[in-house]
Amino acid sequence: MNLRSGRLNQEMSSEAADYTSSLTSDKVIFYADIKCNFAHVLMLKHEKIIDADIADKILEALDKLKEEGYEALTFDNSVEDVHMAIENYVTNIVGPDGGFMHTAKSRNDQVATDIRLVLRDKITEIQIAILDFIEGLTLLASEHLETVMVGYTHLQHAQPITIAHHLMAYAQSLKRDYERLDDTYKRVNLNPLGSAAMTTTSFPINRELTTKLLGFSKFLENSMDGVSSRDFISETVFDLSSLMTTLSKICEELILWSSYEFGVVKIADEYSSTSSIMPQKKNPDVAELARSKATIVNGELITILTILKAIPYTYNRDLQEITPHLWNAVTVSEDTLNIVTKMLLSAEFNKKRCLELAGSNFATVTDLADLMVRERKIPFRTAHKIVGRVVNEAIDQNKSTNDIDSEFIDNIAIELDFKPLNLGDELVQKVLDPLENVKIRSVPGGPSPEMVNLAISNLTEFLNEEFEKKGI
Ligand code: ARG
């Protein structure tokens with residue numbers, strides 16, 4: 001049945017039909033649309049709104065279409081979208097009675113329902129992939145509890161850390177990305193079906209029943225909101241943007257750390273490229289592309305928000321333009337998550353280089369100042385000044401961290417009009433040792449192997465609970 005044959009006398013021009021068609025991205029909601037129709041028709045039957053035998057025929061046709069798949073649909077210029085194509089398919093099998101399927105339903109509530117059905121599965125899929133990544137990070141971290149490395153602020157050597165502590169920082173960020181999606185899921189998993197075009201319907205539909213059949217937690221309580229709200233989409237895409245930001249930052253570090261200058265990490269060949277002219281090159285192309293794909297998802301978020309911001313209530317066709325951007329954000333994020341997981345978990349850390357960086361550029365001297373406070377009860381500010389001058393002198397005299405001894409410190413203290421501290425070489429050497437430096441930071445949240453181990457076991461507990469919730 002041609003939808004246009006009533007009100008309109010002319011077919012749409014093929015140019016306009018192409019321009020307005022949503023078919024490319026409708027493929028994504030094909031099975032959800034069958035499911036939505038199925039639940040709706042079951043409800044119409046249950047409430048005796050349509051005859052049971054007609055309902056059964058429609059349900060049978062929908063089942064057949066589910067078996068045959070998207071390819072079984074036929075399209076011409078009169079078919080605007082997948083909803084029409086499915087209705088046509090059903091009507092071809094059932095005859096004109098197939099048209100009862102659309103009783104008390106509009107494409108407006110239908111498309112909103114379909115998107116929510118697909119999106120909640122996608123969210124779960126991405127969440128499981130995040131859990132997998134976190135799990136891999138905790139395992140890798142437990143191999144590197146004592147792999148000392150330098151930590152940065154302002155991209156300048158700051159204080160020693162361990163690779164484990166750093167990997168666990170990634171894990172915590174991913175945990176929040178996961179939790180954000182969990183929260184958003186609650187707002188995605190709501191049923192707009194029954195809102196019809198915008199004001200529900202005069203038929204006595206049963207919205208509790210379709211809500212139950214489709215596995216939604218509740219139905220949306222305002223039909224105008226039901227057909228026109230898409231903030232569940234912008235919210236999801238924000239969550240994805242945030243996830244992509246985490247991934248992009250990880251990639252940025254892999255790129256830096258795999259450079260000759262850092263030499264901290266080796267990315268596996270499987271995730272590297274070479275140059276067509278420079279035979280020596282090993283390039284981190286996957287990480288670079290992942291970094292830029294975060295930009296694509298950010299762009300999708302802005303596109304979606306900007307389409308939404310000036311739409312008068314209720315349904316406007318502009319809303320159709322949002323959906324492909326949602327699916328693109330989902331695909332790009334999922335692909336990036338999967339590949340970054342594999343790339344990072346297969347990367348090799350150069351322990352020797354990590355230790356060298358941690359010990360070579362005065363990254364341990366905060367502890368020298370702490371030692372002065374602890375042992376000689378001088379104010380931290382005074383200690384900070386003495387140690388700052390110690391480092392300055394050491395650099396001037398071309399000395400390294402290891403060359404700093406008790407006498408060197410005292411000479412400077414005296415120069416600055418302080419009393420000699422007499423710390424002793426043994427204590428000084430100990431606090432300047434990067435591993436000791438890390439071990440002594442054993443307060444909660446710190447990089448000591450003991451604390452990172454605790455963080456790993458806390459996160460493992462979280463993972464077990466969440467995997468179980470997801471039925472894994
Ligand atoms: N393809 C449309 C969309 O994605 C389906 C809803 C069409 N509704 C309408 N009134 N033309 O939004």
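Both ligands and their constituent atoms are indexed starting at 1 by order of listing. Heads up: numbering here begins at 1 and tracks the sequence.
- Ion pairing between Lys293 and Asp335 fails under the 4.0 Å rule for side-chain N and carboxylate O.
- In this structure, Tyr313 has no ring-ring contact (aromatic ring centres under 6.0 Å, His included) partners at least two apart in sequence or on a different chain.
- Contact between Met451 and Gly445 at its shortest, heavy atoms only, is SD-N, 4.4 Å.
- Within the 4.5 Å cutoff, the side chain of Leu62 has heavy atoms near those of the Ile86 side chain.
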Short N or O separations between ligand 1 and the protein, below 3.5 Å:
| residue | atom | partner | partner atom | Å |
| --- | --- | --- | --- | --- |
| ligand 1 | 1 (N) | Ser22 | OG | 3.0 |
| ligand 1 | 1 (N) | Asp81 | OD2 | 3.3 |
| ligand 1 | 1 (N) | Gln320 | OE1 | 2.9 |
| ligand 1 | 8 (N) | Asn108 | OD1 | 3.0 |
| ligand 1 | 10 (N) | Asn108 | OD1 | 3.1 |
| ligand 1 | 12 (O) | Tyr315 | OH | 2.4 |

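- Between Ser22 and Glu80, the closest side-chain pair of non-hydrogen atoms is not below 4.5 Å.
- Just one residue in the list Lys470, Arg187, Lys469 forms a salt bridge (charged side-chain N to carboxylate O under 4.0 Å, His left out) with Asp182, and that residue is Lys470.
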